[in-house]
Amino acid sequence: MSSPQHFMDTSGDTEPVWIHTEPYSSRPHFPKLDKDLHTDVCIVGAGIGGISTAYELVSRGVNVVMIEAREVLSGETGRTSGHLSSALDDGYVEIAKKHGDDGAKAAAQSHTWALDHVGEVSKKLGIECEYRHLPGYEISQYPVGHPKHAEEIEQVKEEVEYCKKLGMNVTFQEGFAVKGWDGQIDQRDAAIFSGQATFHPTKYLVGLLKWLKDQPNFQCFTHTRMMDIEEKGVEILGMGSKDCHVKTDDGYTITCKDALEATCVPLQKLSVVAEMEYNRTYCIAIRVPKNYIEDCLLYDEAEAYKYIRFTACDEKDDYLVIGGCDHPVGQESEEGRFAELEQWVRERFTRAGSVDYKWSGQIFEPLDYVAFIGLNPGKKHTYIITGDSGNGLTHGVLAGKLIADEIQGVANPWSSLYDPKRVSSLAKKLPSIVSHAAEINTQYKRHLQSDITDIEDLAPGTGGVLNSATHKPLAVYKDDDGTVHKVSAVCPHLKGVVCWNNVEKSWDCPIHGSRFSKDGLLIMGPSKANLSPVDKDGEVLQQQAVKA
């Protein structure tokens with residue numbers, strides 16, 4: 001089992017494939033904030049959204065301070081599957097139903113811009129990050145001859161025709177099969193999206209951070225957790241002014257004109273937090289001989305769909321990275337997900353070798369399919385980036401341009417699509433919102449449930465919630481040598497009872513997806529505080545204050 005320090009570098013017990021050629025030790029290191037500061041813009045979160053925004057602003061001469069609660073790239077950016085695609089997960093036909101043709105066109109244009117922008121920036125800065133253009137293939141989840149294959153292919157054809165109207169370079173090819181697919185399962189027929197791309201995400205972002213570190217108008221501080229953002233001052237009808245005050249857990253304040261929460265999900269009680277679903281997703285990296293399988297992106301039409309891409313391994317092999325098997329955070333068992341992914345690969349690509357990496361991540365699904373990028377509702381100078389909808393890399397890159405433009409007052413044709421204050425598209429999704437809220441509310445029943453009846457029932461390396469009649473729920477884990485560790489099982493965000501994630505050795509909240517290390521360290525918002533410690537008798541000590 002990993003050490004507590006491990007959760008400073010990444011948000012799970014498992015290791016993602018990206019450390020194979022870019023270990024944690026190669027990432028730039030920054031000091032901890034130890035004083036109050038003044039700057040133009042403060043960015044909270046050092047993942048792809050925050051780093052992309054910092055790059056855009058710093059390039060334009062804006063003074064930027066970035067803070068990160070742990071190490072840079074320690075969140076979901078470091079655990080992505082690495083897709084860089086404008087063929088969006090939810091499909092443009094569905095996006096158009098919520099946002100109209102203009103919204104669908106804006107989505108296509110912005111994501112295409114994002115995947116191309118990564119190539120332009122990596123070339124400009126000389127970042128070697130495996131960037132390359134390649135085709136993306138969308139196929140049915142069912143084999144040829146299955147009753148549902150033809151039905152699903154008709155949906156694929158409909159998507160192709162609509163994407164053509166949006167100006168995308170896409171065709172449908174009957175009987176198409178990926179080169180190297182030599183297994184017995186036959187899923188021929190595909191939509192072919194040209195001009196897609198792939199890269200090594202952390203190599204790219206490490207390159208950006210190294211460039212930023214050399215710029216006089218950029219500062220970064222790690223192990224510096226934001227606890228609150230306040231807007232102070234008076235600003236009415238363009239008169240007066242407000243400043244943002246970003247307060248850290250050590251009591252320091254960063255005063256700035258504008259602030260950005262680039263933290264996967266805003267660290268606040270509700271607002272857009274209640275307009276998203278929170279899912280775990282799984283990946284493996286499996287060795288395949290070089291040049292055996294065509295270099296491409298591939299994804300099927302399943303609800304929890306499978307998707308593949310390739311990254312470097314060694315002189316003999318490449319890694320086939322496959323992801324999928326999504327499920328709501330804390331509401332289903334994690335067991336068997338990696339085995340399902342491995343079986344899928346071996347049934348279709350018979351020369352696949354060993355599985356060297358297995359890991360999981362978290363995705364944030366807006367109920368109307370596109371991210372929330374822009375001013376936080378009710379604020380005038382506080383911005384957010386959230387709702388990756390399974391396309392976090394392109395959403396993060398385009399967010400950099402959107403936020404920088406908005407801060408500088410530059411008109412951007414994509415801003416209305418991603419505006420967090422949008423209401424019309426969400427109104428069309430009202431039944432889903434009601435259903436989602438009801439599902440979330442059922443999770444509070446865990447206040448009356450117990451995973452274990454006795455700590456002795458726990459096997460080494462596992463955890464569970466102990467809920468007795470005399471104590472508040474306790475999150476209990478037993479390490480490999482049998483030592484027992486206890487913290488409060490109540491999430492500081494909205495008081496949900498956490499669940500043990502046996503894959504990542506973490507405590508996950510089923511309400512709004514907050515996650516904590518096995519020792520109770522916060523590794524994923526919207527909570528702002530760790531799980532509270534308990535005394536030797538199991539009594540919960542004073543809860544850390546969390547502001548709305």
Side-chain angles (χ1 to χ4, degrees), residues 17 20-21 81-85 87 89 130 132-157 159-160 170-200 281-326 336-359:
V17 69
H20 185 72
T21 53
S81 62
H83 265 61
L84 198 61
S85 174
D89 291 8
E130 301 181 27
R132 58 201 186 273
H133 279 104
L134 39 66
Y137 303 133
E138 188 173 336
I139 63 174
S140 171
Q141 65 184 296
Y142 302 106
V144 174
H146 190 285
K148 292 187 178 180
H149 177 87
E151 176 184 337
E152 205 162 62
I153 287 301
E154 287 305 310
Q155 296 173 356
V156 171
K157 290 179 179 178
E159 179 76 5
V160 167
V170 57
T171 59
F172 176 80
Q173 185 172 332
E174 188 173 351
F176 177 86
V178 173
K179 295 173 184 176
W181 185 310
D182 55 4
Q184 293 299 309
I185 297 176
D186 180 3
Q187 288 170 256
R188 286 174 296 172
D189 304 331
I192 302 174
F193 288 83
S194 300
Q196 303 303 291
T198 191
F199 72 145
H200 189 298
T281 189
Y282 299 81
C283 290
I284 64 172
I286 185 168
R287 285 176 177 263
V288 294
K290 282 189 178 295
N291 302 316
Y292 159 45
I293 303 169
E294 178 183 358
D295 188 15
C296 65
L297 305 181
L298 177 68
Y299 20 86
D300 68 25
E301 287 289 285
E303 181 69 22
Y305 64 99
K306 308 292 195 303
Y307 47 95
I308 70 170
R309 52 141 307 173
F310 300 88
T311 191
C313 174
D314 56 28
E315 294 182 357
K316 178 183 176 184
D317 295 327
D318 286 323
Y319 279 126
L320 183 157
V321 177
I322 177 171
C325 300
D326 304 0
R337 312 284 173 166
F338 296 133
E340 181 179 337
L341 293 173
E342 180 179 355
Q343 180 180 351
W344 192 97
V345 173
R346 296 193 186 283
E347 288 177 344
R348 290 156 180 81
F349 303 100
T350 62
R351 295 172 61 191
S354 63
V355 174
D356 291 358
Y357 293 90
K358 304 176 181 180
W359 74 101

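- Among residue pairs with one or both ends in residues 339-348, those qualifying as salt bridge (charged side-chain N to carboxylate O under 4.0 Å, His left out) are K306-E340, E342-R346; sequence neighbours excluded.
- Taking H200 as the reference, W18 meet the ring-ring contact (aromatic ring centres under 6.0 Å, His included) condition, with sequence neighbours excluded.
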Worked verdict on L134 versus L297 for side-chain contact (heavy atoms from CB on, under 4.5 Å): CA-CA 7 Å; L134 39 66; L297 305 181; 3.5 Å; yes

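- Pairs of residues two or more places apart, or lying in two chains, that qualify as salt bridge (charged side-chain N to carboxylate O under 4.0 Å, His left out) and include a residue from residues 312-325 are R287-D314, R287-D317, K290-D318.
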Assess the residue pair W344 and I308 against the criterion (side-chain contact (heavy atoms from CB on, under 4.5 Å)); give the C-alpha distance rounded to whole Å, side-chain angles, the decisive distance to 0.1 Å, and a yes or no. CA-CA 11 Å; W344 192 97; I308 70 170; 4.1 Å; yes

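- Under the rule for a side-chain contact (heavy atoms from CB on, under 4.5 Å), the partners of S81 that lie at least two apart in sequence or sit in another chain are H83, C283, Y307.
- Nearest heavy atom pair, residue Y299 against residue G136, reads OH-CA, 3.7 Å.
- The side-chain heavy atoms of I286 and F349, taken from C-beta on, include no pair separated by under 4.5 Å.
- Residues meeting the side chain to side chain donor-acceptor pair (under 3.5 Å) test with E301, sequence neighbours left out: none.
- Residues satisfying the ring-ring contact (aromatic ring centres under 6.0 Å, His included) test with Y282, not counting sequence neighbours, are H327, F338.
- Across all non-hydrogen atoms, the minimal contact from F176 to A190 is CD2-CB, 3.6 Å.
- Nearest heavy-atom pair across C296 and Y137 is CB-CE1, 3.6 Å.
- Minimum heavy-atom separation, T198 to G82: OG1-O, 4.0 Å.
- Panel note: side chain R337, backbone T281; no donor-acceptor pair is recorded below 3.5 Å.
- Across V355 and I284, no two heavy atoms sit closer than the pair CG1-CB, 4.0 Å.
- Across all non-hydrogen atoms, the minimal contact from W359 to A285 is CZ3-N, 3.9 Å.
- Identified under the salt bridge (charged side-chain N to carboxylate O under 4.0 Å, His left out) test for residues 291-300, with sequence neighbours left out: R132-D295.
- In this structure, Y357 and H20 have perpendicular ring planes: the angle between them is above 60°, well past the 30° mark.
- The side chain to side chain donor-acceptor pair (under 3.5 Å) check on T311 picks up E130, with sequence neighbours excluded.
- Residue pairs meeting the salt bridge (charged side-chain N to carboxylate O under 4.0 Å, His left out) criterion with at least one member in residues 141-156, sequence neighbours excluded, are E154-K157.
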Side chains of residues 178-185: which donor-acceptor pairs under 3.5 Å do they make with residues two or more places apart or in other chains?
unit_1: W181; atom_1: NE1; unit_2: I185; atom_2: O; d: 2.8
unit_1: D182; atom_1: OD1; unit_2: Y292; atom_2: OH; d: 3.0
unit_1: D182; atom_1: OD1; unit_2: T350; atom_2: N; d: 2.9
unit_1: D182; atom_1: OD1; unit_2: T350; atom_2: OG1; d: 3.2
unit_1: D182; atom_1: OD2; unit_2: Y292; atom_2: OH; d: 3.0
unit_1: D182; atom_1: OD2; unit_2: T350; atom_2: OG1; d: 3.0

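- Distance CZ/R309 to OG/S85: 11.5 Å, rounded to 0.5 Å.
- The side-chain contact (heavy atoms from CB on, under 4.5 Å) check on D189 picks up H149, I153, F172, E174, with sequence neighbours excluded.
- A donor-acceptor pair shorter than 3.5 Å cannot be found between the side chains of Q187 and S140.
- Scored by the side-chain contact (heavy atoms from CB on, under 4.5 Å) test, D89 finds Y305, N391 as partners (sequence neighbours excluded).
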